[in-house]
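So the structure is just underneath, and the comments pick up after that.
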Amino acid sequence: MTWQLRRLPVCASTERELDRWLAQRQSRGLVADPLLTTRLAVQARRQRFGHGQQGRPWLSPPGGLWLSAAFPWAGGVAESASLGLAVAVGLAQQLEALGLAVQLKWPNDLLVHQRKLAGLLPRLRLRGSRIRWAQVGVGLNGCNRVPLGAISVAEALGPARSHPQARPERLRGRVLAALDWASAHADQPELVRAAAEARLWRPEPGWRHGGEAWEVLGLHTDGRLRLARGGREIALQRQF
């Protein structure tokens, strides 16, 4: 199944543009229920009001890959793989093919050298307990300038800011391939969980929660983070 892609020079947010596109298709009866029958993606050269988890602003200058996508997601909520974990694994694999050592910082970030390379905004569109489609926003630093604590693909690959593999047009293919991988493995939650857990960032001296340091045990198949402290175990849920 091929992707339908809209490329924009600038927009407020690719998420808003994708929502508008989906609404237009629904008004014309082009979106099937419960699954989207085509794969849609919106890419912008620059976003003016990009955002990540819990509405936090995401700087989106030219040179990065700023994209939002909607695509099929098989199964029901209870039995399918975690969308966020699946996309993170798919994108990690694509970046590892470039020679980068990628870690997953729960819940939605990818790290290289413990610096933020990419952020994900995954959401399942539901009708009751039925999944209509998956929707994911991706922000990936390519050859753009990045804020303190972040890193770009170009910097991670070497000193040249214009590294050809870091250009947005190259990264777009890798991101779409990552989403294809995630969609293809929606019905394999344990495979996705194990692949994500193998890349899970485990900070020292522990994960800070409630003002205390907790040991990171791993992940649940639904994407929750497993923590332990003093014989207690808890699981943190993603917050959007």
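All figures in this text were calculated on a predicted structure; none of them were measured in a lab. Residue numbers start at 1 and run along the sequence shown. Every heavy atom of this structure was used, including side-chain atoms; hydrogens, water molecules and symmetry mates were not.
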Next item on the list: Check step by step if side chain to side chain contact (heavy atoms under 4.5 Å, CB included) holds for Gln94 and Leu100.
Entry: CA-CA 9 Å; Gln94 289 294 319; Leu100 302 182; over 6 Å; no

Note to self: Run the side chain to side chain contact (heavy atoms under 4.5 Å, CB included) test on Val216 and Trp106 for me, step by step, so that the C-alpha distance in whole Å, both residues' side-chain angles and the decisive distance to 0.1 Å come before the verdict.
What the structure shows: CA-CA 10 Å; Val216 176; Trp106 188 89; over 6 Å; no

Next item on the list: Using the side-chain hydrogen bond (donor to acceptor under 3.5 Å, both in side chains) rule, take Thr14 and Gln47 through it: C-alpha gap first, then chi angles, then the decisive distance, then the call.
Entry: CA-CA 7 Å; Thr14 57; Gln47 293 183 110; 3.3 Å; yes

Note to self: Run Arg193 and Glu197 through salt bridge (charged side-chain N to carboxylate O under 4.0 Å, His left out) and show every step you take.
What the structure shows: CA-CA 6 Å; Arg193 184 209 61 79; Glu197 192 168 281; 2.8 Å; yes

Next item on the list: Take Glu215 and Arg202 through the test salt bridge (charged side-chain N to carboxylate O under 4.0 Å, His left out) and record every step on the way to the result.
Entry: CA-CA 8 Å; Glu215 178 189 359; Arg202 301 169 187 263; over 6 Å; no

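Counting only heavy atoms from C-beta outward, the side chains of Phe71 and Thr38 never approach each other to under 4.5 Å. Between Pro164 and Arg170, some side-chain heavy-atom pair lies under the 4.5 Å cut-off. For the pair Glu233/Leu217, a side-chain contact is recorded, criterion being any heavy-atom separation below 4.5 Å from C-beta on. Taking 4.5 Å as the limit, every side-chain heavy atom of Trp181 sits out of range of all side-chain heavy atoms of Leu91. Leu200 is not listed as a side-chain neighbour of Arg226, based on a closest heavy-atom distance of 4.5 Å or more. Val89 has its side chain within reach of Gln93: a pair of non-hydrogen atoms, C-beta onward, lies under 4.5 Å apart. Under the 4.5 Å side-chain criterion, counting only non-hydrogen atoms from C-beta, Ser68 is not in contact with Arg16. Contact check for Asn144 versus Pro61: side-chain heavy atoms found under the 4.5 Å cut-off.
Trp214 places a side-chain N or O within 3.5 Å of a backbone atom of His209 that can act as its donor or acceptor partner. In terms of modelled atom types and a separation under 3.5 Å, the side chain of His220 and the main chain of Asp222 share no donor-acceptor contact. A donor-acceptor contact shorter than 3.5 Å is absent between the side chain of Ser183 and the backbone of Leu179. No donor-acceptor distance shorter than 3.5 angstrom exists from the side chain of Trp201 to the backbone of Val102, with no hydrogens or angles considered. The backbone N or O of Gly142 lies less than 3.5 Å from no partner atom in the side chain of Arg167, so there is not a single donor-acceptor pair. No donor-acceptor distance shorter than 3.5 angstrom exists from the side chain of Arg25 to the backbone of Trp21, with no hydrogens or angles considered. At distances below 3.5 Å, not a single donor-acceptor pair connects side-chain atoms of Asp19 with backbone N or O atoms of Glu17. Although no hydrogens or angles enter the test, the distance criterion places no donor-acceptor pair under 3.5 Å between the side chain of Arg46 and the main chain of Val10. Under a 3.5 Å cut-off, the side chain of Glu190 and the backbone N or O of Thr221 do not form any donor-acceptor pair.
In plain terms, the two heavy atoms of Val192 and Ser82 that are nearest each other are CG1-O, 4.3 Å. When all heavy atoms are compared, the tightest approach of Gly76 to Ile131 is C-CD1, 3.7 Å. Nearest approach of Pro168 to Gly64, heavy atoms of both residues: CG-O, 3.6 Å. Taking all atoms of both residues into account, the shortest heavy-atom contact from Gly206 to Ala213 is CA-CB, 4.4 Å. Here the closest non-hydrogen pair linking Ala70 and Trp133 is CB-CD1, 4.0 Å. Among all heavy-atom pairs drawn from Ser80 and Ala74, the shortest one is CB-O, 3.6 Å.
A cation-pi arrangement, defined by a distance under 6.0 Å to the six-membered ring centre and an angle within 45 degrees of its axis, is absent between Arg45 and Trp66.
Note: Leu5 CG to Gln43 CD = 6.0 Å, rounded to the nearest 0.5 Å. Distance CG/Leu83 to CH2/Trp73: 5.0 Å, rounded to 0.5 Å. In this structure, CG in Leu85 is found 14.0 Å from NE2 in His185, a value given to the nearest 0.5 Å. To the nearest 0.5 Å, the span separating CG on Leu65 from OG on Ser152 amounts to 13.0 Å. Distance CZ/Arg20 to OG/Ser13: 9.5 Å, rounded to 0.5 Å. Annotation: the span from Leu104 atom CG to Leu111 atom CG amounts to 8.0 Å, rounded to 0.5 Å.
For the residue pair Arg199 / Gln103, no side-chain donor-acceptor distance below 3.5 Å is found, with atom types taken as modelled.
For the side chain to side chain contact (heavy atoms under 4.5 Å, CB included) test with Leu95, the passing option among Val112, Val175, Leu117 is Leu117; the others fail. When each of Val153, Leu110, Val146, Leu171 is tested with Asn141 by the rule side chain to side chain contact (heavy atoms under 4.5 Å, CB included), just one qualifies, namely Val146.
Checked for salt-bridge contact, Arg39 and Asp180 meet the test: a charged N lies under 4.0 Å from a carboxylate O.
More than 12 heavy atoms of other residues, nucleotides or ligands shown are found within 6.0 angstrom of CZ on Arg115. Heavy-atom neighbours of Gln114 CD from other residues, nucleotides or ligands within 6.0 Å: at or below the threshold of 12. Within 6.0 Å of CZ in Arg7 there are 12 or fewer heavy atoms belonging to other residues, nucleotides or ligands.
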